[in-house]
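Comments concern the structure below.
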Amino acid sequence: MIKQAVIVAGGLGSRFGNRTKEMPKGFIEIEGVAMVERSVQKLIAAGIEEIIIGTGHCSEYYDELAKKYHIIKTVRNDNYANTSSMGTLAVCAPLIKGDFILLESDLIYDAVGLKVLQNDERANVILASGKSNSHDEVYLAADADSVLTNVSKDKSIIPEPAGELVGITKISKACLDKMISYYESDKALIKLDYENALKQVSTAMDETVYVHKIEYYAWTEIDDESMLERATKEIWPRIKENESLLNIRREVLLNPGPSTTTDSVKYAQVVADICPRELEFGNLMEEVAQGLTEVCADPKDYISIMFGCSGTGADEAMVSSCVPPDGKLLVVDNGSYGARLAKIASVYGIDMDVFKSSTYEPIDIKALEEQMKSKKYTTFAIVYHETTTGLLNDLATICPMAKKYGMTTICDIVSAYGGMPIDLGKLGIDFATSTSNKHIGGMAGVGFVVCKREELLKQKDWPMRNYYLNIYDQYKYFLETKQTRFTPPVQTFYALRQAIIETKVETVEKRFERFTACWEILVKALDEIGLKMLVDRKYQSHFITAILIPETPKYSFNELHDYAKSFGFTIYPGKLGNIDTFRIANMGDIKPEEMTHFTCVLRDYMHSIGVC
């Protein structure tokens, strides 16, 4: 699996004249987006975790881009004016850990080219196209096995080319090392281009480089004004159309999970078949576990244990595994999910008391503390965000209080995880559950428990209440084998890996800002329409809004659901005892403009039944 990309961007771009005198040519825009930024976006969507940009001329532009996309690292080629692309690649080399995709900065291209290289089983592959008519062609020669034999801009040297160099190449670490060795072997090579270094290693250094040609590939390099005009009028419209054909119909899920996902997460599932017992897949699961932990805790102190299951499955793993054999559990029930924790404990016959609290008002902290003091509890269970209502429980106060009375804290953070900044260590949480299909933005199928290591290790000799969902047994087996005990949902893990990458790019903090913006749009519309919310807004999470149904016999949830669905929105009912509500969720890949559209749909329906 390729995790890194390198963009060589040190050049002066002198053929553009004044346009690039104080700006790198990679920042020339087409439809309002710089070429290099669009390339970064495509690399992220293709599952690249780290992008190294070799800079030179006006390097500060790339440094600013790296502030926007945290997975970018910039390396300056201080000698950019006297070197070429190989010189810039050489300064990036110390940061390259394995196989990578190499790109030029002044390209626009169909993203399918990245997928073609990722899917090619050969280690070193140059992407080539048929005749481009760009008037700046670099021709590639190859033998009958598509092995690179020559590179030239002179058509007379390669009269029947195997293709034209696109500027996107897959390179192995072994090949890179030989390219660097050749480049540094002679000072006369200071102006060497990377494609000629590839030719050298392929023809004389026993490192086979292949040419993969896509005859009608849509791409172009942009080196001057005439090429920019051609790109804008001829090539970019083709790229846009090609890529749009792969867009998946947009359905905005305003239900509380599974949540709306990006197309790149959906497509991440489309991979070559692999046995989950292969080390390659074990490494992927280990990487995913590390990424899940980093979202909410310090990996030095916490570890994520994953199962093929839902969030409720993760809850069951936590409750059945984390209460000692002779322990006593205290559960807070202030909604359906707190009640579910208690139900799980009762199924296992765990000694338990339930502290009941309002489903739409804050927990009475003093009363809860009195309950904690009343008996010798070993374990305390609570839900962070009650998905039934959108009520956010004050764990920053409650969990440290439980720790004060000697309790291990086990928390369902399913619908808070990944949507707001969480630090389990600071909150005093020992075990926390979530799932792949809510704020983290993956597909349904992976449930996980983020465990404090020192607390997890205490379970070593405890008798197992559950076989499939035992946390310690799953932890021990994975530690020894890099495998789960039972078949994992393979494709879901690939999607989850992509979702974690996209979470890191956006950051949890910015994601919470986006959800809050959506919530504010919704609340403003509710006020204008005259609909009431179940939970006081100051206690709401910004993730779920429970809305009281209007007091008119004309209202029908099913009619509202179907009307919203006709515009691409899915909503969810809600009932608490004798209180009827419907719920609107801000989760996953929802955008403020989509929430604005939904509020217009909601307003139209309510107007049709005389509410506003």
Sub-4.5 Å side-chain heavy-atom contact between Ile590 and Met595: yes

With Glu280 via side chain to side chain donor-acceptor pair (under 3.5 Å) - residues at least two apart: none

Lys504 and Glu49 ion-paired at < 4.0 Å: no

Pair Tyr417-Thr435, side-chain hydrogen bond (donor to acceptor under 3.5 Å, both in side chains): steps then yes or no: CA-CA 9 Å; Tyr417 173 89; Thr435 180; over 6 Å; no

Parallel, tilted or perpendicular: ring planes of Phe281 versus Tyr494, cut at 30 and 60 degrees: tilted

Heavy-atom pair of closest approach, residues Val508 and Pro421: CG1-N, 3.6 Å

Polar contact flag, side-chain donor to acceptor under 3.5 angstrom, Thr88-Asn77: yes

From CA spacing to verdict: side chain to side chain contact (heavy atoms under 4.5 Å, CB included), Leu292, Ile500: CA-CA 7 Å; Leu292 292 173; Ile500 291 168; 3.9 Å; yes

Minimum-distance pair of heavy atoms, taken over all atoms of Ile571 and Phe598: CG2-CE1, 3.7 Å

Minimum side-chain heavy-atom gap Ile303-Tyr475 below 4.5 Å: yes

side-chain contact (heavy atoms from CB on, under 4.5 Å) against Ser259, all qualifying residues, sequence neighbours excluded: Met587

Step-by-step salt bridge (charged side-chain N to carboxylate O under 4.0 Å, His left out) determination, Asp527 to Arg537: CA-CA 12 Å; Asp527 287 343; Arg537 65 191 68 194; 3.1 Å; yes

Contacts of Ser310 that satisfy side chain to side chain donor-acceptor pair (under 3.5 Å) - sequence neighbours left out: none

N/O donor-acceptor pair under 3.5 Å between Tyr267 side chain and Leu246 backbone: yes

Atom CZ of Phe27 with >12 non-hydrogen neighbours under 6.0 angstrom: yes

Heavy-atom pair with the smallest gap, counting every atom of His70 and Val505: CD2-O, 3.9 Å

Under 3.5 Å: donor-acceptor pair, side chain of Tyr62, backbone of Gly10: no

Plane angle bin for His542 and Phe512 - parallel if under 30°, tilted between 30 and 60°, otherwise perpendicular: parallel

Donor-acceptor contact present, side-chain Lys170 to main-chain Leu117, <3.5 Å: yes

Arg340: side chain to side chain donor-acceptor pair (under 3.5 Å) partners, not counting sequence neighbours: Thr312

Pairing of Asp78 and Arg76 as salt bridge, 4.0 angstrom limit: yes

Main-chain N/O of Gly390 paired to Arg583 side chain as donor or acceptor, under 3.5 Å: no

By side-chain contact (heavy atoms from CB on, under 4.5 Å) - contacts of Asp604 (at least two apart): Tyr563

Heavy-atom pair with the smallest gap, counting every atom of Ala499 and Ile440: CB-O, 3.3 Å

Any Ile71 side-chain heavy atom under 4.5 Å of Ile48 side chain: no

Between His597 and Phe569, ring centroids under 6.0 Å: yes

More than 12 heavy atoms of other groups within 6.0 Å of Lys426 NZ: no

No-hydrogen, no-angle side-chain donor-acceptor test under 3.5 Å, Thr433 and Asp315: yes

Distance-minimising heavy-atom pair for Cys451 and Ile471: SG-CG2, 3.9 Å

Donor-acceptor side-chain pairing of Ser415 and Lys438 below 3.5 angstrom: no

Tyr61 side chain near Thr55 side chain, heavy-atom distance below 4.5 Å: no

Residues Asp589, Glu594; criterion side chain to side chain contact (heavy atoms under 4.5 Å, CB included); working and verdict: CA-CA 10 Å; Asp589 188 43; Glu594 291 172 324; over 6 Å; no

Glu520 vs Lys524, salt bridge (charged side-chain N to carboxylate O under 4.0 Å, His left out): CA-CA, chis, key distance, verdict: CA-CA 6 Å; Glu520 288 172 345; Lys524 182 174 182 291; over 6 Å; no

Backbone of Gly428 reached by a side-chain donor or acceptor of Thr409 within 3.5 Å: yes

Salt bridge Lys458-Asp430, side-chain N to carboxylate O under 4.0 Å: no

Distance-only side-chain donor-acceptor flag, Tyr360 / Glu386, under 3.5 Å: no

Test item: Asn393 side-chain N/O and Leu395 main-chain N/O as donor-acceptor pair under 3.5 Å: no

Atom CD of Glu251 with >12 non-hydrogen neighbours under 6.0 angstrom: yes

Donor-acceptor contact present, side-chain Glu37 to main-chain Ala34, <3.5 Å: no

Donor-acceptor pair, side chain of Thr260 and main chain of Leu253, under 3.5 angstrom: yes

Working for side-chain hydrogen bond (donor to acceptor under 3.5 Å, both in side chains), residues Asp63 and Thr74: CA-CA 6 Å; Asp63 294 337; Thr74 59; 2.7 Å; yes

Working for side chain to side chain contact (heavy atoms under 4.5 Å, CB included), residues Ile584 and Leu602: CA-CA 11 Å; Ile584 303 300; Leu602 179 63; 5.9 Å; no

Residues, nucleotides or ligands: over 12 heavy atoms within 6.0 Å of Lys266 NZ: yes

Met23 side chain near Ile28 side chain, heavy-atom distance below 4.5 Å: yes

Side chain proximity check, Val535 to Met533, heavy atoms < 4.5 angstrom: no

Any donor-acceptor pair under 3.5 Å from Thr581 side chain to Gly574 backbone: yes

Pairwise side-chain contact, Met420 with Leu392, heavy-atom cut-off 4.5 Å (strictly under): yes

Within the 6.0 Å centroid threshold, strictly below: Phe567 and Tyr605: no

Side-chain heavy-atom pair Leu107, Ser39 within 4.5 angstrom cut-off: no

Step-by-step salt bridge (charged side-chain N to carboxylate O under 4.0 Å, His left out) determination, Lys366 to Glu369: CA-CA 5 Å; Lys366 288 184 179 179; Glu369 183 169 18; over 6 Å; no

Arg497 (side chain) donor-acceptor with Gly47 (main chain) under 3.5 angstrom: yes

Over all atoms of both residues, closest heavy-atom pair of Cys322 and Gln459: SG-NE2, 3.4 Å

By side chain to side chain donor-acceptor pair (under 3.5 Å) - contacts of Glu502 (at least two apart): Thr262, Ser264, Gln498

Donor + acceptor pair across side chains of Glu286, Gln290 (<3.5 Å): no

